[in-house]
Number of protein chains: 2
Amino acid sequence: MIRVLIADDHPIVRSGLRAVLRGEPDLTIAAEAATAQDAIAKAGLADVVLMDLRFGDGPSGAQATAAITALPDPPHVLVLTTYDTDADILAAIEAGATGYLLKDAEPEDLVAAIRAAAVGRSALAPGVAARLVDRTRNPVGALSARETEVLGLVADGLSNLSISRRLHLSQATVKSHLVRVYAKLGVDSRTAAVAAATARGLIRPHR
Amino acid sequence: MIRVLIADDHPIVRSGLRAVLRGEPDLTIAAEAATAQDAIAKAGLADVVLMDLRFGDGPSGAQATAAITALPDPPHVLVLTTYDTDADILAAIEAGATGYLLKDAEPEDLVAAIRAAAVGRSALAPGVAARLVDRTRNPVGALSARETEVLGLVADGLSNLSISRRLHLSQATVKSHLVRVYAKLGVDSRTAAVAAATARGLIRPHR
DNA sequence: GGTCGCATCAATCGAAAGGTTGAGCTCTCG
DNA sequence: CGAGAGCTCAACCTTTCGATTGATGCGACC
């Protein structure tokens, strides 16, 4: 019997997951959590944690995942979320998630992924898997740390001059970085670069 | 008996909604739709449409809402989504949505909202309602529809020239809109405007 | 029936951003 | 140690953007 912990802040989603799992005789719901903290506290009760990435407030699902996998004899964490940006996926994988599913997955795929996760096998949504191999095999389009840093400040609305001051650079250097960023992203303006990088999950609009 | 149409591209959410509605004797599920087109086609079967705003592909929930409310003797549309930015809310309301609920709503609130929507009464999530009164009472800092539209294209990385073509305007008009946007947001560049508007939830980085 | 907000457009000017070329520096890796 | 990648900077030029001023038409509201 596989004990599952449902960690999601949406009552309706929890209800849907309950309904899906109820039909599976080898799966049982050990507990539910509506916050990341709650999920960490109840992680010991389960073999598999179904983890959302965004909660209304408090720590993120990625943080909770990291905390759970750091426990002694931790359950496997299967991320189940709506978001599929590079930033989200990488954060979750790096936090120790065993699998990564999207909420538009079919119920059959979900229960299959739970069973896989229970024995430590990883299950990835098709698009997610493609994105990962894409990135590890072909780091073209990957920005350097400095480029990402500069682009992040651009996304915050700073001018080249402001950025140069913030980073103790000359404007020429900031431009150089941006020129390379534009080339890598296939764009030709700062706003387009921000849009492209956001779309690819290279940077994240912080709210 | 209130006939409900569930329009959501996530099987798990649909399952959760089924579970919630099953417990209510005066509510019945007339149909389900996994795409916006499907929702429009099946709208005639229902008294209330539970409409998600984002579908994997194809038209958005807002567009579907507009199409449905344009039907003869249309059902009431109750938007049920995860997103609560000004842009989403306004688009839905302008499209003719009767209510706007967030997916972190409790089941009781949801069924209450459905009953309200069935008789044409509007039901808004607390945060959404606050945002609307905020905006109508104190329109300082609020962007007009056209300004929001232009700013959205700026956020997509388009140049003023591209925007003017997209909207069948002159560049001068685009600039005029942006000048007013900058003034309202207290910024002085397009990237800063995008950052500020994103932070305030006026626009959303769409992917 | 006038006022106000909104949307539309024009012309101009200085500032900022983008493109190009070229170069020096440090670090890592084989 | 040489090659390559990443980071740094300079000079120059073109394009775009932002600021300003001013104008027209339209609908809403009192």
Side-chain angles (χ1 to χ4, degrees), chain A residues 135-198 202-203, chain B residues 86-87 90-91 93-94 132 134-198 202-203:
Chain A
R135 159 169 295 248
T136 54
R137 191 184 43 201
N138 180 20
V140 169
L143 303 180
S144 73
R146 199 58 158 170
E147 287 161 358
T148 304
E149 189 176 14
V150 170
L151 184 55
L153 293 176
V154 169
D156 287 346
L158 276 65
S159 68
N160 288 348
L161 178 60
S162 304
I163 295 172
S164 72
R165 284 206 268 255
R166 180 81 71 92
L167 299 181
H168 307 295
L169 299 175
S170 78
Q171 291 189 60
T173 304
V174 175
K175 284 188 175 188
S176 291
H177 287 305
L178 287 180
V179 164
R180 245 164 282 130
V181 168
Y182 299 159
K184 287 180 177 177
L185 296 180
V187 299
D188 57 0
S189 79
R190 53 211 293 110
T191 48
V194 170
T198 304
L202 302 177
I203 59 173
Chain B
D86 281 23
L90 283 184
I93 300 290
E94 276 162 18
L132 275 182
D134 222 50
R135 160 171 294 251
T136 52
R137 193 182 39 203
N138 177 23
V140 169
L143 302 181
S144 73
R146 201 58 160 168
E147 287 161 358
T148 304
E149 190 177 14
V150 170
L151 184 55
L153 294 176
V154 168
D156 288 345
L158 276 66
S159 68
N160 289 348
L161 178 61
S162 304
I163 295 171
S164 72
R165 282 204 270 254
R166 179 80 70 89
L167 299 181
H168 307 294
L169 298 176
S170 77
Q171 293 188 58
T173 305
V174 175
K175 285 186 175 191
S176 290
H177 287 305
L178 287 181
V179 164
R180 246 164 284 127
V181 168
Y182 299 158
K184 286 179 178 178
L185 296 181
V187 299
D188 56 1
S189 79
R190 53 212 292 113
T191 47
V194 170
T198 304
L202 302 176
I203 60 172

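First the proteins, then the strands, lettered A, B, ... as listed; each starts at 1.
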Task: pair A:L185-A:L151: side-chain heavy atoms closer than 4.5 Å - done: yes
Task: Contact check, side chains of B:V150 and B:V174, non-hydrogen atoms, under 4.5 Å - done: yes
TODO: Output the distance between atom NE2 (A:H177) and atom CD1 (A:I163), rounded to the nearest 0.5 Å.
DONE: 10.5 Å
Open item on the list: Any heavy-atom pair between the side chains of B:D156 and B:L153 that's under 4.5 Å?
Closed with: yes
Open item on the list: What's the closest nucleotide to the side chain of A:H177 if the choices are D:dT8, C:dA7, C:dC9?
Closed with: D:dT8
Task: Nearest listed nucleotide, side chain of A:L169, among C:dT8, C:dC9, D:dC9 - done: D:dC9
Task: Donor-acceptor pair present, A:S176 side chain and D:dC9 base, under 3.5 Å - done: yes
Open item on the list: Taking only side-chain N and O atoms of B:T173, does any of them lie within less than 4.0 angstrom of OP1 or OP2 on C:dC9?
Closed with: yes
- [ ] Would you kindly compare A:R180 and B:L167 by the position of their nearest DNA chain C nucleotide and give the one closer to the 5′ end?
- [x] B:L167
- [ ] Round to the nearest Å and state the distance from A:H168 atom NE2 to D:dC7 atom C1'.
- [x] 16 Å
Task: Trace of the side-chain hydrogen bond (donor to acceptor under 3.5 Å, both in side chains) decision for B:T173 with B:S170 - done: CA-CA 5 Å; B:T173 305; B:S170 77; 3.2 Å; yes
Task: salt bridge (Lys or Arg N to Asp or Glu O under 4.0 Å) involving B:R166 - partner list, sequence neighbours excluded - done: none
Name the pairs: protein N/O against N/O of nucleotides 16-18 of chain C, kept only if under 3.5 Å.
from, atom 1, to, atom 2, distance (Å)
C:dA17, OP1, A:N160, N, 3.4
C:dA17, OP2, A:N160, N, 3.4
C:dG18, OP1, A:Y182, OH, 3.0
C:dG18, OP1, A:R190, N, 2.7
C:dG18, OP2, A:Y182, OH, 2.9
C:dG18, OP2, A:R190, NH1, 3.0
C:dG18, N7, A:K175, NZ, 3.1
C:dG18, O6, A:K175, NZ, 2.6

